[in-house]
Every structure is written in structure tokens, then in C-alpha cells.
K.L.:
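For reference, the structure I am asking about is given below.
Computed over heavy atoms, backbone and side chain alike; hydrogens, waters and symmetry mates excluded. Fair warning: this is a prediction, and the values are worked out from it, not measured in the lab. Position 1 is the first residue of the sequence; numbering continues from there.
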Amino acid sequence: MKLKLATLVMAGLAATQASADECGKVTIAEMNWNSASLIANLDQFILSEGYGCEAEIVPGDTMPTGTSMIEKGQPDIAPEMWTNSMKEALDRGVAEKRLRYAGKALVNGGEEGFWVPKYMVDKYPELATIEGVKKHVELFPHPEDSSTSAFYSCPAGWNCQISAGNLFKAMDLSEAGFTIVDPGSSAGLSGSIAKAFAREEAWFGYYWAPTAILGKYEMVKVDFGSGIDKDEFLNCITQEDCDSPKATMYPPSPVSTVVTEAFANRVPAVQDYLNTRGFTNEQMNQLLAWMEDNQASGEDAMFHFLETSPDTWKQWLPKDVADKVANAL
């Protein structure tokens, strides 16, 4: 009986070692923005401590990382890939069995819209709709011209300046009494929101998520009453020569985890985790705000998340793996 028990124990240890060996070396691309850095560090920690992988972070960026994964099979994992930016190449890589899409890194996708502060909607609930905003145009005074009202757009030169401008035209905001304000830069745009909140003043304009700003300041996305017309958005709203734009809400931008097909086949247990792991924009907004307030790195934010949100990340893992990660903390 003792011999049989010892044999079973040794077999279990051998299976565990085999699992770790199967995982082996793993390369994880860390893109150069905060949410991607956080997720890359999280994946490295969970793969190393939970699955026994030899996980290594390597520098990454969307186009070079995607191209390298397709052509060279490295790195193994791109945790946060905004796939629309190279959709044709990625889809071709999947069709050729070089790549595989895992789960959604951002469950809601990248989010864009026109926003107003929640404290304004609390006072005037109709401001949650574009018709309500137009009805109360006088609530949004222009900072430099008292004869008009302010709509804060995307900085000049950004692609979102085109879409925001076309939607401004589509919803007749100029006729309603609004004038576009160019904030000059990302810092200028976020600074205008911070200033408005510090004084509890009005603000109406374009912004996106996930961002630290929407983690710090409670905003309401204005409903255009149009639903999402993806064809209109892609073929007209995003184009400079869109002559007759029609109102549409911004479709979410897909943000996925992409892996090489070889890696997905080699370590299916880890692939199951990557298929499941994902953040809502609300969760990521809060984490990005924490990073900004604490001047924290992606690694700092990863530990903060693991320590403060076990109810979230333990749902992504089998219990034995979750226990290993918890013990490693």
C-alpha cells in the first residue's frame, strides 16, 4: 500500500513537472502604454507563479509586434492588441494558422464618445441625450467667446478629430449654438476636464476609454439616439471627405489578446486563462487613475490589482492555479 501511494505521489510530481516543461519559455510583449504594461506584467506573474512558465517580458508595439508574430512566431503573446490597426494582416495570420485570437483584453473594447460631467446630468437628466444637450446649449459657455458655447474636440492631427468633427456636423451642433474648441494636445483636453471638475463647471466634448481621466472624474456618455451604424462610421464618419455625415454612436474598437498558434497548441491550460482574462473599461479606468496618482509602473499596478481585486482575477483561474498565485503574493 505504501509503495502504491509513493508511486502515485511520484507520478503526480512528474505530471506537474511535465506541465511546467511543456510551458517552458514564454515571451510576452509589453506595449508602451499603461493599460498594456499592466496586463503584460500581470500575465508574466500569473504564468510564472501559477503555471510554472519561464515567462519573459519583451518590448512591443502594435505594428512591429504583430508583424513579428506572423513572420517569426515571436513573441508568443501580445496581451493588448488594438486589432483594427492591422486587421487584415492579423486575420490573414489567423487564416494561415500562424496566430490565434484569445479573449478580449478589454471586455467593452476601446470606447469613444461625447461626454458631460455626471454632476450636470444629476441636475439636468436630459443632458444624457444629445437633444437635451442642444436644448441646454447655454449651460456650456465658450471660455473665450460669450456669444457661443463650447464643444471640446480631439486635438488637431489626431484621427479622432475627423470623426468628432463629422459627428458635430451630423448632429447640427453648430446650428444649435456650439463652436468647436481645439484643446491643442491630449494634456490640454484632459486639463480642460480637470479644470471643469475642480470648479464644478460645465463641460461637453469628446473623450475615450480606458483612460485615467475617466477613472478620476465621473462622466456620462451622451446618447445620440442613433444606435451604432458601423458602415456609416467606417465609410463616412472617419473620412475627411464625408460630405453628408449621419449620426451614429462610436462602435467599440476591438482590443484582444493575440497569441501564436504554436504557443496556443503547446500550452492549452494557459490558453484557457488568456481566453478568460479581461478587464471592463470601468475597472481599467480606475487602475489607470491609480497609476497616474501614484506615478506607478505596470508592475506596481499589477501588484495593486492582485492585492485589491482577488474576486476578479481568481475567476479567471482554476483554484489550484489561483492558490499558487495568491501564495506567491
K.L.:
Does the ring center of Tyr207 lie less than 6.0 Å from the ring center of Tyr152?
P.N.:
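No: the rings miss the under 6.0 Å criterion.
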
K.L.:
Is the shortest side-chain heavy-atom distance between Asp229 and Asp231 below 4.5 Å?
P.N.:
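They are in side-chain contact.
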
K.L.:
Which heavy-atom pair separates Leu38 from Met284 by the least distance, and what is that distance?
P.N.:
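Closest approach of Leu38 to Met284: CD1-SD, 4.4 Å.
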
K.L.:
For the pair Met249 and Asp223, evaluate side-chain contact (heavy atoms from CB on, under 4.5 Å) and give the outcome as yes or no after the intermediate values.
P.N.:
CA-CA 8 Å; Met249 297 294 282; Asp223 187 346; 4.2 Å; yes

K.L.:
Should the heavy atoms of other residues, nucleotides or ligands under 6.0 Å from CD of Glu88 be counted, would the total exceed 12?
P.N.:
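No.
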
K.L.:
Any non-hydrogen side-chain atom of Met81 less than 4.5 Å from a side-chain atom of Val255?
P.N.:
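Of all side-chain heavy-atom pairs linking Val255 with Met81, none is under 4.5 Å.
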
K.L.:
Using a 6.0 Å cut-off, check whether atom CD of Glu126 has over 12 heavy atoms from anything other than its own residue.
P.N.:
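Correct, the count exceeds 12.
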
K.L.:
If we ignore hydrogens and angles and just use 3.5 Å, is the side chain of Asn294 paired with the main-chain N or O of Ala296 as donor and acceptor?
P.N.:
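Flag not set: sc Asn294 to bb Ala296 has no pair under 3.5 Å.
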
K.L.:
Does one hydrophobic cluster hold both Phe224 and Leu234, with members joined at side-chain heavy-atom distances below 4.5 Å?
P.N.:
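Yes: a chain of side-chain contacts under 4.5 Å links Phe224 to Leu234.
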
K.L.:
I'd like to know whether Phe233 forms a ring pair (Phe, Tyr, Trp, His ring centres under 6.0 Å) with Tyr250, so could you lay out the CA-CA distance, the side-chain angles of the two residues, the decisive distance to 0.1 Å, and finally the verdict.
P.N.:
CA-CA 7 Å; Phe233 184 81; Tyr250 286 85; 5.5 Å; yes

K.L.:
Counting only heavy atoms not in Glu175 (residues, nucleotides, ligands), do more than 12 fall under 6.0 Å from its CD?
P.N.:
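Yes, CD of Glu175 has more than 12 neighbouring heavy atoms, counting only those of other groups under 6.0 Å.
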
K.L.:
Do other residues, nucleotides or ligands put more than 12 heavy atoms under 6.0 Å from Asn159 CG?
P.N.:
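Atom CG in Asn159 is not packed in, count stays at 12 or less.
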
K.L.:
Are Ile213 and Trp203 in one and the same hydrophobic cluster, where Ile, Leu, Val, Met, Phe, Trp and Tyr link if side-chain heavy atoms are under 4.5 Å apart?
P.N.:
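Per the 4.5 Å side-chain linkage, Ile213 and Trp203 are co-clustered.
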
K.L.:
Pairing donors with acceptors under 3.5 angstrom, does anything connect the side chains of Trp313 and Gln315?
P.N.:
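Note: Trp313 and Gln315 side chains miss the donor-acceptor criterion.
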
K.L.:
Could you check, using the six-membered ring where one of them is a Trp, whether Tyr119 and Phe197 have ring centers closer than 6.0 angstrom?
P.N.:
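Yes, the ring centres sit under 6.0 Å apart.
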
K.L.:
May I ask you to decide if Gly113's main-chain N or O and Trp115's side chain share a donor-acceptor pair within less than 3.5 Å?
P.N.:
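Yes, the answer is positive, given that a donor and an acceptor are paired below the 3.5 Å cut-off.
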
K.L.:
Nearest 0.5 Å, please: how far is SG in Cys154 from CG in Asp182?
P.N.:
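Answer rounded to 0.5 Å: 9.0 Å.
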
K.L.:
Can a donor-acceptor pair be found between the side chains of Asn275 and Tyr101 at a distance below 3.5 Å?
P.N.:
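Distance-only check fails for Asn275 and Tyr101.
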
K.L.:
Does some side-chain heavy atom of Thr83 sit less than 4.5 Å from a side-chain heavy atom of Asp91?
P.N.:
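They are not in side-chain contact.
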
K.L.:
May I have all residue pairs that pass side chain to side chain donor-acceptor pair (under 3.5 Å) and include part of residues 252-261, sequence neighbours excluded?
P.N.:
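Listed once each, the pairs are Arg100-Glu261, Thr257-Arg277, Glu261-Asn265.
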
K.L.:
At their closest point, which heavy atom of Val270 faces which heavy atom of Cys23, and how far apart are they?
P.N.:
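Nearest pair, atom of Val270 first, then Cys23: CG2-SG, 4.5 Å.
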
K.L.:
Are side-chain heavy atoms of Pro183 and Ser192 found at a separation under 4.5 Å?
P.N.:
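No; the side chains remain at least 4.5 Å from each other.
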
K.L.:
Testing the basics here: between Gly215 and Ala289, what is the closest heavy-atom pair and its distance to 0.1 Å?
P.N.:
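For Gly215 versus Ala289, the nearest heavy atoms are C-CB, 3.9 Å.
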
K.L.:
Under the 3.5 angstrom rule, does the side chain of Thr211 hit a backbone N or O of Trp208 as a donor-acceptor pair?
P.N.:
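The answer is yes, because a donor-acceptor pair under 3.5 Å joins these two groups.
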
K.L.:
Would you call Lys216 and Glu292 a salt bridge, taking side-chain N to carboxylate O under 4.0 Å as the test?
P.N.:
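Salt bridge flag = yes for Glu292 with Lys216.
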
K.L.:
Checking the side chain of Asn281 only, and the main-chain atoms of Gly109 only, is there a donor and an acceptor separated by less than 3.5 Å?
P.N.:
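Yes; judged by distance alone, with no hydrogens or angles, the pair exists.
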
K.L.:
With a sphere of 6.0 Å drawn around NZ of Lys134, does it hold more than 12 non-hydrogen atoms of other residues, nucleotides or ligands?
P.N.:
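Count over threshold, so yes.
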
K.L.:
Count the heavy atoms of every other residue, nucleotide or ligand shown that sit under 6.0 Å from CD of Gln295, and state whether that count exceeds 12.
P.N.:
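At most 12 heavy atoms, drawn from other residues, nucleotides or ligands, come within 6.0 Å of this atom.
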
K.L.:
Could you please spell out the steps behind the side-chain contact (heavy atoms from CB on, under 4.5 Å) verdict for Gln286 and Trp290?
P.N.:
CA-CA 6 Å; Gln286 296 295 326; Trp290 182 89; over 6 Å; no

K.L.:
Could you grab the distance from atom CG of Leu173 to atom OG1 of Thr179, nearest 0.5 Å is fine?
P.N.:
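Rounded to the nearest 0.5 Å, the CG-OG1 separation comes to 10.5 Å.
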
K.L.:
Let me check something: do Tyr124 and Ile130 share a hydrophobic cluster, defined by ILVMFWY side-chain heavy atoms less than 4.5 Å apart, either directly or through other members?
P.N.:
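Yes: a chain of side-chain contacts under 4.5 Å links Tyr124 to Ile130.
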
K.L.:
Grab the two heavy atoms, one from Asn285 and one from Pro210, that are nearest each other, plus how far apart they are.
P.N.:
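Distance-wise, the nearest heavy atoms are OD1-CA, 3.0 Å.
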
K.L.:
Do Tyr273 and Asp43 get their side chains close enough for a donor-acceptor pair, meaning under 3.5 Å?
P.N.:
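Distance-only check passes for Tyr273 and Asp43.
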
K.L.:
Would you say that Ile162 contacts Gln239 through its side chain, given a criterion of any heavy-atom pair below 4.5 Å between the two side chains?
P.N.:
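Ile162 vs Gln239: side chains apart.
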
K.L.:
Any side-chain to backbone donor/acceptor pair from Ser190 onto Ala187? Under 3.5 Å, distance only.
P.N.:
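Looks like yes, one N/O pair under 3.5 Å.
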
K.L.:
Looking at every non-hydrogen atom in both residues, tell me the closest pair between Val222 and Thr129 and how far apart they are.
P.N.:
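Val222 and Thr129 have their closest heavy atoms at CG1-C, 3.5 Å.
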
K.L.:
Sub-3.5 Å donor-acceptor pair from the side chain of Ser85 to the main-chain atoms of Trp82, do we have one?
P.N.:
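Yes: the side chain of Ser85 pairs with the backbone of Trp82.
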
K.L.:
Does the side chain of Pro79 reach to within under 4.5 Å of the side chain of Ile28, using non-hydrogen atoms?
P.N.:
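Yes, side chains in contact.
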
K.L.:
Any Lys/Arg nitrogen of Lys221 or Glu111 sitting under 4.0 Å from an Asp/Glu carboxylate oxygen of the other?
P.N.:
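Glu111 and Lys221: salt-bridged.
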
K.L.:
Quick one: does Glu56's side chain have a donor or acceptor within less than 3.5 Å of a partner on Thr27's backbone?
P.N.:
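Such a contact is absent between Glu56 side chain and Thr27 backbone.
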
K.L.:
Rounded to the nearest 0.5 Å, how far does CD1 of Ile77 lie from CD of Gln44?
P.N.:
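Result: 10.5 Å between the selected atoms.
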
K.L.:
I'd like to know if Phe279 and Leu214 are part of one continuous hydrophobic network [Ile/Leu/Val/Met/Phe/Trp/Tyr, side-chain heavy atoms within less than 4.5 Å].
P.N.:
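Unlinked, Leu214 and Phe279 end up in two clusters.
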
K.L.:
Can you spot which of Phe140, Phe168, Phe178 makes a ring-ring contact (aromatic ring centres under 6.0 Å, His included) with Phe151?
P.N.:
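Result for ring-ring contact (aromatic ring centres under 6.0 Å, His included) with Phe151: Phe168.
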
K.L.:
Pair Thr67, Met86 - check side-chain contact (heavy atoms from CB on, under 4.5 Å), show working.
P.N.:
CA-CA 9 Å; Thr67 302; Met86 56 179 309; 4.1 Å; yes

K.L.:
Quick one: does any side-chain atom of Glu96 pair with a main-chain N or O of Gly93 as donor and acceptor, under 3.5 Å?
P.N.:
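No; zero donor-acceptor contacts below 3.5 Å.
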
K.L.:
Output yes when a side-chain donor or acceptor of Glu201 lies under 3.5 Å from a complementary backbone atom of Ala196, and no otherwise.
P.N.:
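Side chain of Glu201 to backbone of Ala196: no pair is present.
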
K.L.:
Please test Phe263 against Val26 for side-chain contact (heavy atoms from CB on, under 4.5 Å), starting from the C-alpha separation and ending with a verdict.
P.N.:
CA-CA 8 Å; Phe263 175 80; Val26 182; 3.6 Å; yes

K.L.:
Determine the interplanar angle of the Phe114 and Tyr206 rings, folded into 0 to 90°, and report it as parallel if under 30°, tilted if 30 to 60°, perpendicular if over 60°.
P.N.:
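Geometry flag for Tyr206 against Phe114: perpendicular rings.
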
K.L.:
Identify whether Val58 and Val258 are in the same connected component of the hydrophobic contact network (ILVMFWY, side-chain heavy atoms under 4.5 Å).
P.N.:
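No, Val58 does not connect to Val258 through the hydrophobic network.
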
K.L.:
Can you see which heavy atom on Ala264 is nearest to which on Gln271, and at what distance?
P.N.:
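Looking at all heavy atoms of both residues, the shortest contact is CB-OE1, 3.6 Å.
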
K.L.:
Can a side-chain donor-acceptor contact be found between Asp300 and Ser297 if the only test is distance below 3.5 angstrom?
P.N.:
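Short answer, yes.
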
K.L.:
Measuring from Gln161:CD to Ser163:OG, what's the distance to the nearest 0.5 Å?
P.N.:
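Separation between the atoms: 9.5 Å.
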
K.L.:
Atom CD of residue position Gln74 - does it have more than 12 heavy atoms of other residues, nucleotides or ligands inside 6.0 Å?
P.N.:
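More than 12 within 6.0 Å, yes.
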
K.L.:
Given 3.5 Å as the limit, does a donor-acceptor pair link the side chain of Thr276 with the main chain of Trp316, or not?
P.N.:
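No, because the side chain of Thr276 does not come within donor-acceptor range (under 3.5 Å) of the backbone of Trp316.
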
